[in-house]
Amino acid sequence: MRRWGVALLALVLLAPAAARAGLPRLHAERGASASAGIYDDAGRQVLLRGVDVNALGDYYAVAPTLAPVVALTEQDFADIAQLGMDEVRLIVSWSSLEPHRGAFDAAYVARIRQAVTWAAAHDIHVVLDMHQDAWGKYVATPPGEHCLPGFSPGQGWDGAPAWATLTDGLPTCRLGTREISPAVFDAWQSFWDDRSGIQGELVATWAKLAQAFAADPTIVGYDLLNEPNPGVSVGATQVALIGSFYARAIAAIRRAEAGAPGGYHHIVFFEPSVEWSAVGSTLTPLPTFTADRNVVFSPHLYGGSLAAVSVDAGFRLAAMSAAGYGTTVWSGEWGWFGDPTAEAGKIAAYARQEDAYRWGGAWWQWKQACGDPHNFAGPSGPPGDLSPSLNRYACPAQTALGIPASTARILARAYPRAAPGRLDTRASDPSTGRVEVRGRDADPGGSCALDVWAPRERKSTRLNTSHPQHTIYRVRRL
């Protein structure tokens with residue numbers, strides 16, 4: 001077995017890499033845990049480390065005087081690249097893609113394309129995420145609706161268009177969390193039952209979106225549906241109905257890619273139901289829901305943060321589910337939202353697990369506007385005085401406070417972006433800049449270039465790892 005290894009005590013490395021001549025195509029491979037992963041077209045395993053960007057999301061305006069998103073510019077991608085991130089999970093909204101039934105909004109797709117172009121200019125891959133929270137904007141409690149004891153008015157969120165929000169007039173009030181509402185449950189059950197063909201409409205929308213980006217290597221792939229709610233068919237939905245929708249969407253996406261000039265198969269990211277983010281595990285679709293090889297299991301790893309499990313347990317539970325699918329894991333969301341100094345130890349613990357499992361993921365989220373529904377406890381309350389995104393803001397004035405230094409140090413630690421063959425070990429120390437990378441089974445016909453990110457230099461560095469034996473590269477601090 002051919003192995004290689006690199007240890008770098010590197011704040012300034014041998015030589016900065018030349019700018020890439022375009023981003024490579026990426027694909028996923030299924031198999032045993034040692035081989036399942038994301039790879040480029042040169043046979044190198046790729047780690048996608050990044051952040052969620054919600055600027056294109058169509059969010060409910062809880063306070064009409066406060067914008068629900070922060071406008072997106074190319075500078076955002078430049079700043080994301082400065083943290084060493086090579087991926088953005090870009091939120092898109094069904095309500096903006098198909099505001100009227102059967103009408104695919106070309107102007108909104110142009111906005112998505114502009115963001116993808118900016119990302120490519122800074123060597124950043126993009127995952128397109130069909131985002132929703134508590135079904136959408138149109139389940140907000142209207143004026144005059146009275147809530148039963150124990151229930152409180154619900155605010156709108158993001159996701160489905162009005163025409164696809166079928167609630168039969170059920171109460172919109174919520175019992176504690178936003179997801180527990182008769183209207184939300186009914187809207188979701190209507191979707192799983194494909195009532196009035198609304199599920200088929202989202203499948204068709206996915207096909208059109210995939211066709212628009214079928215030949216674009218900046219797009220890593222497609223996150224089919226953010227945190228789906230099981231509706232009233234708990235159990236059956238999670239193991240059968242969600243999988244059925246995913247299978248329909250994957251088939252439609254593959255047909256669209258095949259029919260587009262230069263189109264090829266992009267990765268499909270599939271999520272468990274919403275309880276995973278709060279509990280750390282839940283029932284998942286049957287492993288037989290698809291035979292497609294180019295898929296990745298994408299739970300949200302909030303262990304130690306929002307979920308009622310530890311950081312370590314969250315990773316173990318995700319690994320167990322992924323093993324059933326024969327896929328790698330890519331966490332579409334993770335993060336902490338309180339005092340960054342007090343939480344630095346947990347963030348560092350997450351980073352150690354991320355290194356040990358050789359997984360990537362996206363921090364939730366890059367910028368959160370003071371008017372974002374996440375910043376309100378309910379439709380009648382004022383916004384919180386602090387927006388706890390990675391870039392923090394004082395509210396309601398949207399005064400920029402920057403990224404907490406303790407968090408940035410961990411997120412921008414050294415790591416291998418792409419490595420020959422299969423990664424065995426990845427360990428990085430944010431305090432010293434040291435990173436250790438070991439791998440095996442490099443493709444003799446593939447690339448032997450190891451692409452390492454080092455935080456102080458803010459550039460990728462390539463080291464030749466073609467030596468057939470175990471080799472340690474040590475680079476002194478300059």
Side-chain angles (χ1 to χ4, degrees), residues 23-30 33-40 44-53 77 80-81 83-90 119 122-129 217-223 226 266-271 276 294-303 305 311 314-315 318-319 321-322 325 327-335 347-366 390 407 410-428 430 435 437 439 450-453 455 460:
L23 290 167
R25 294 183 180 184
L26 303 183
H27 67 277
E29 294 184 9
R30 296 172 79 171
S33 59
S35 60
I38 297 173
Y39 296 87
D40 67 15
R44 301 184 301 167
Q45 188 170 357
V46 173
L47 297 177
L48 296 172
R49 177 177 295 168
V51 66
D52 285 89
V53 170
F77 293 95
I80 290 167
L83 286 172
M85 295 177 172
D86 61 351
E87 170 278 328
V88 156
R89 181 174 180 251
L90 184 65
H122 297 278
D123 285 345
I124 293 173
H125 280 286
V126 174
V127 174
L128 294 180
D129 161 43
T218 306
I219 300 296
V220 176
Y222 314 112
D223 190 337
N226 181 72
H266 293 67
I267 299 171
V268 169
F269 297 85
F270 66 97
E271 301 188 25
W276 192 293
N294 200 7
V295 297
V296 168
F297 183 53
S298 188
H300 297 168
L301 301 186
Y302 282 118
S305 174
V311 172
F315 274 81
S321 290
Y325 297 113
T327 71
T328 189
V329 170
W330 185 80
S331 178
E333 293 180 19
W334 70 281
I347 298 172
Y350 183 100
R352 288 191 295 272
Q353 291 296 320
E354 187 179 51
D355 288 348
Y357 280 86
R358 303 175 301 282
W359 293 346
W363 177 281
W364 180 267
Q365 60 175 299
W366 179 240
L390 185 55
T407 305
I410 298 168
L411 295 184
R413 68 194 185 280
Y415 74 104
R417 287 183 168 180
R422 274 62 172 164
L423 283 166
D424 280 338
T425 304
R426 180 183 69 163
S428 182
V435 60
V437 186
L450 173 64
D451 192 354
V452 177
W453 163 261
S460 297

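Heavy-atom basis, side chains included; hydrogens, waters and symmetry copies ignored.
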Does a salt bridge link Arg358 with Asp424, judged by any charged N lying under 4.0 Å from a carboxylate O?
no

Compare all side-chain heavy atoms of [X] with those of [Y] and state whether any distance is below 4.5 angstrom.
X	Y	value
Val296	Ile267	yes
Val452	Arg417	no
Leu23	Asp123	yes
Val220	Val126	no
Arg49	Glu354	yes
Asn226	Arg89	yes
Gln365	Val51	no
His122	Ile80	no

When the ring planes of Trp330 and Phe269 are compared, do they come out parallel, tilted or perpendicular, using 30° and 60° as the limits?
tilted

On a heavy-atom basis, which atom in [X] and which in [Y] lie closest, and how many Å separate them?
X	Y	value
Gln45	Leu423	OE1-N, 2.7 Å
Thr327	Ala36	C-CB, 3.6 Å
Asp52	Gly332	OD1-O, 2.9 Å
Ser331	Glu333	OG-O, 2.7 Å
Ala351	Ile410	CB-CG2, 3.7 Å
Val437	Pro416	CG2-CG, 3.8 Å

Centres of the [X] and [Y] rings: under 6.0 Å?
X	Y	answer
Trp359	Phe315	yes
Trp334	Tyr350	yes
Phe297	Trp276	yes

Verify side-chain contact (heavy atoms from CB on, under 4.5 Å) between Val88 and Phe77, making sure each step is shown before the conclusion.
CA-CA 9 Å; Val88 156; Phe77 293 95; 4.1 Å; yes

Gap separating the [atom1] atom of [X] from the [atom2] atom of [Y], nearest 0.5 angstrom:
X	Y	atom1	atom2	value
Trp363	Leu411	CH2	CG	5.5 Å
Asp86	Asp451	CG	CG	8.5 Å
Arg44	Ile38	CZ	CD1	14.0 Å
Leu47	Thr328	CG	OG1	8.5 Å

Would you check, one step at a time, whether the test side-chain contact (heavy atoms from CB on, under 4.5 Å) holds for Phe270 with Val295?
CA-CA 7 Å; Phe270 66 97; Val295 297; 4.1 Å; yes

Got a sec, which residues hit side chain to side chain donor-acceptor pair (under 3.5 Å) with Thr407, two or more places apart in sequence or on another chain?
none

Are the side chain of Ser428 and the backbone N or O of Ala414 linked by a donor-acceptor pair below 3.5 Å?
yes

Output, in order, the C-alpha distance, side-chain angles, deciding distance and verdict of side-chain contact (heavy atoms from CB on, under 4.5 Å) for Asp40 and Arg25.
CA-CA 6 Å; Asp40 67 15; Arg25 294 183 180 184; over 6 Å; no

His27: side-chain contact (heavy atoms from CB on, under 4.5 Å) partners, not counting sequence neighbours:
Glu29, Tyr39, Asn294

